[in-house]
Amino acid sequence: MLKLKDTLTGKLQDFQPLEGNHVRMYACGPTVYDFAHIGNFRTYVYEDILRRWLKFKGYQLTHVMNITDVDDKTIRDSKAKELAQLRAYTERYARCFFEDCMALSIERPDKVVNATDHIPDMVHLIQKLVESGHAYKKDDSYYFKISTYPKYGQLAKLDFDGMKIGASVDIDEYEKEDVRDFALWKAPKDEEPFWDTPIGKGRPGWHIECSAMSMHYLGASFDIHCGAVDNIFPHHENEIAQSECATGKPFVRLWLHGEHLMVNGEKMSKSKGNFFTLRDLLGKGDSPRAIRYTLSSVPYRKPLNFTSESVQQAQSAIGRLEEFLLRFETDTFPEGVNERVEEACRTARDKFVAGLDDDLNTAGALGAIFEFVRQGNTAIGEGSLCQGNVASISTLFDDFQAIFPVLKDPTRQILDSQIEALIAERNQARRERNFKKADEIRDQLLAQGIILEDTRAGLRWKRKE
RNA sequence: GGCGGCGUAGCCAAGUGGUAAGGCAGAAGUCUGCAAAACUUCUAUUCACCCGUUCGAUUCGGGUCGCCGCCUCCA
């Protein structure tokens, strides 16, 4: 049974979709004004693990992600005066975002939707809120009236009565009735792109897009809404207010929020300027698989301190798994079945499943796999691993790879004939105990990125990373 | 000021009211022409600290200290 922790109730809950076997899930996507940084990708990686795990469990999944392609920052950085300019600017970064996702083996959500393609949905939602008295118009902008929604603050656990609001009032150019009221629709400013709609000219506020689009694709009530902790307030708090006031129905069943990625013990964020992008890391030689592993290795509800050392450790850990698989694929095994290995395999699988079922405890799931690797290595070493064990081990690693896609493509790489000839020549030299020549050939191949290992089962080779 | 979270070996980190998974790094040994890999053993009598509940607490309750986040745009 999959259990997930819900931010709203703070409790671990048995997961059960609202409608049969169908899971409807919405994930807050990027604001495409710049490259996403590695902290952003921590969130997308945990969402991808959730996505993969739900599918693994046999659920039918509809996973929607938005692209915020209009907001203060996209307008500011694009310097766009018209919508077409804005679109051209944001499309570039959206493209880069999905390139980065692909590098990290983050699957594309079933639906990726742009805010600017859903202005009518947002306008319609604002109209409903105005009609029902939850929103008002002021100076051609529209605001949500928080006093009409007593539960406001429930998600972020904010108690506004005991709070000194004055301390955090921003210098907003828009006039609001209550400082806490937030913009649904912003009146056009000079030289900025805008839409001409039934509620007037202007552009949407940030929060309204997610309410409009999630409900458009997933219905007034759906199963899972995920993001990172810094979406809790105000973004998701506002989404709940808007959505529930507009429909009168409960908005989301389960709120999932990933913790931050830290750098030197501090939250990495664009506004702090202490961020690096995936491109930065790849540029200095980190492998995308090691980065993905690092981002997956700490359960999503715990802060993750990201350092170059943690990426190194991840690379070594992956290496251990791949060494095992290489042995597993290249050695030959006696006939029969080793029941102890089968048992170890079952145990590992049970622990793997139990870990992920426990609010995506990735660290626990990884531990189960490594425990098996040691047992498998021991069995291979003493020659007790049998042909009859191959199938269950393969399945275990297929399942692992389905959730943690960090292993190299298992299809064996082809050696070119020249390299094969050198290997044959070295084998001959070794038989003749001409170790000097054998070592020269080994060094020569190493220079070409081919690592040779002599094992009891014969020569084994692999490519250097 | 209010709210929330965290503090487990050199580093990363799981976990439970009954006596500490796993990974990385390190040491010794086995294997080996050497190398690599693998395996074995070792590396926290102890889970920030102090009280309390309990037969028993790292795990529950209270307090102290430290760190982080949110209350403003941010994954």
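So that the names make sense, note that chain A is the first sequence line, chain B the second, and so on, each numbered from 1.
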*What distance, rounded to whole Å, do you find between the two C1' atoms, one in B:A36 and one in B:A21?*
28 Å
*Could you tell me the separation between the CG atom of A:L261 and the C1' atom of B:G5, rounded to a whole number of Å?*
17 Å
*Nearest-nucleotide 5' precedence on RNA chain B, A:A228 against A:K436*: A:K436
*Which base sits across from B:G33 as a Watson-Crick or G-U pair, both distances under 3.5 Å?*
none
*Do A:C226 and A:W255 have side-chain heavy atoms sitting under 4.5 Å apart?*
no
*When you get a sec, tell me which of B:G33, B:A36, B:A75 is the closest nucleotide to the side chain of A:K267?*
B:A75
_Atom-to-atom span, CZ of A:R460 to C1' of B:C31 - whole angstrom_ = 14 Å
*asked:* B:C68, OP1 or OP2 - any side-chain N/O from A:K302 closer than 4.0 Å?
replied: no
_Rounding to an integer number of angstrom, what distance separates B:U53 and B:A44 when you compare their C1' atoms?_
26 Å
*Taking atom P in both B:C11 and B:U16, what distance in whole Å separates the two?*
23 Å
*Which listed nucleotide (B:C34, B:U40, B:G2) is nearest to the side chain of A:T378?*
B:U40
Every protein N/O within reach of nucleotides 23-26 of chain B N/O, cut-off under 3.5 Å:
residue: B:G23; atom: OP1; partner: A:R320; partner atom: NH2; Å: 3.4
residue: B:G23; atom: N2; partner: A:Q313; partner atom: OE1; Å: 3.0

*How many Å lie between CG on A:L445 and P on B:C34, as a whole number?*
21 Å
*Take the protein atom CD of A:E440 and the nucleotide atom P of B:C34, then report the distance between them rounded to whole Å.*
18 Å
*Does A:Q448 have any side-chain hydrogen bond (donor to acceptor under 3.5 Å, both in side chains) partners at least two apart in sequence or in another chain, and if so, which?*
none
*asked:* Could you identify the nucleotide paired to B:C47, looking across every strand shown and requiring Watson-Crick or G-U wobble geometry with both distances under 3.5 Å?
replied: none
_For A:D69 against A:L86, the heavy-atom pair lying closest together_ = O-CD2, 3.6 Å
_Qualifying residues under salt bridge (Lys or Arg N to Asp or Glu O under 4.0 Å), relative to A:R426, sequence neighbours excluded_ = A:D454
*Residue A:V298, side-chain heavy atoms: nucleotide from B:G33, B:A13, B:A75 that is nearest*: B:A13
*asked:* Say we look at B:C49 and B:U54: how far apart would their P atoms be, to the nearest angstrom?
replied: 23 Å
_Taking B:U40 as the reference, what is the distance to B:G23 when you measure between their P atoms (whole Å, please)?_
10 Å
*asked:* Side-chain N or O of A:N377 versus OP1/OP2 of B:C39: is the shortest distance under 4.0 Å?
replied: yes
*Given that both distances must come in under 3.5 Å, which nucleotide forms a Watson-Crick or G-U wobble pair with B:U40?*
B:A28
*A:P234 side chain, from C-beta outward: closest of B:C34, B:C73, B:A14*: B:C73
*Under a 3.5 Å limit for both distances, which nucleotide forms a Watson-Crick or G-U wobble pair with B:C60, could you say?*
B:G52
*Out of B:C39, B:C73, B:G2, which nucleotide sits closest to the side chain of A:K73?*
B:C73
_Test side-chain hydrogen bond (donor to acceptor under 3.5 Å, both in side chains) applied to A:D110 - qualifying residues, sequence neighbours left out_ = A:R51
*Can you find a donor-acceptor N/O pair under 3.5 angstrom joining the side chain of A:N305 to the base of B:C12?*
no
_Reading RNA chain B from 5' onward, which residue's closest nucleotide shows up sooner: A:Y33 or A:S297?_
A:S297
*Side-chain donor/acceptor of A:N361 to base of B:G15, under 3.5 Å*: no
_I'd like to know if the side chain of A:T68 pairs up with that of A:N66 as donor and acceptor (distance under 3.5 Å, no hydrogens or angles considered)._
yes
_A side-chain contact here means heavy atoms from C-beta on lying under 4.5 Å apart; do A:H37 and A:M268 qualify?_
yes
*Is B:A20 paired to anything, Watson-Crick or G-U wobble with both distances less than 3.5 Å, and if yes, which nucleotide?*
none
*For A:R431 and B:C34, give me the distance from atom CZ to atom P, rounded to whole Å.*
19 Å
*Please name all residues satisfying ring pair (Phe, Tyr, Trp, His ring centres under 6.0 Å) with A:F15, sequence neighbours left out, ordered by chain then number.*
A:Y59
*Rounded distance in Å between the P positions of B:C31 and B:A14*: 39 Å
*Could I get the full list of side-chain hydrogen bond (donor to acceptor under 3.5 Å, both in side chains) partners for A:D223, not counting sequence neighbours?*
none
_Partner nucleotide of B:G69 by Watson-Crick or wobble geometry (both distances under 3.5 Å)_ = B:C3
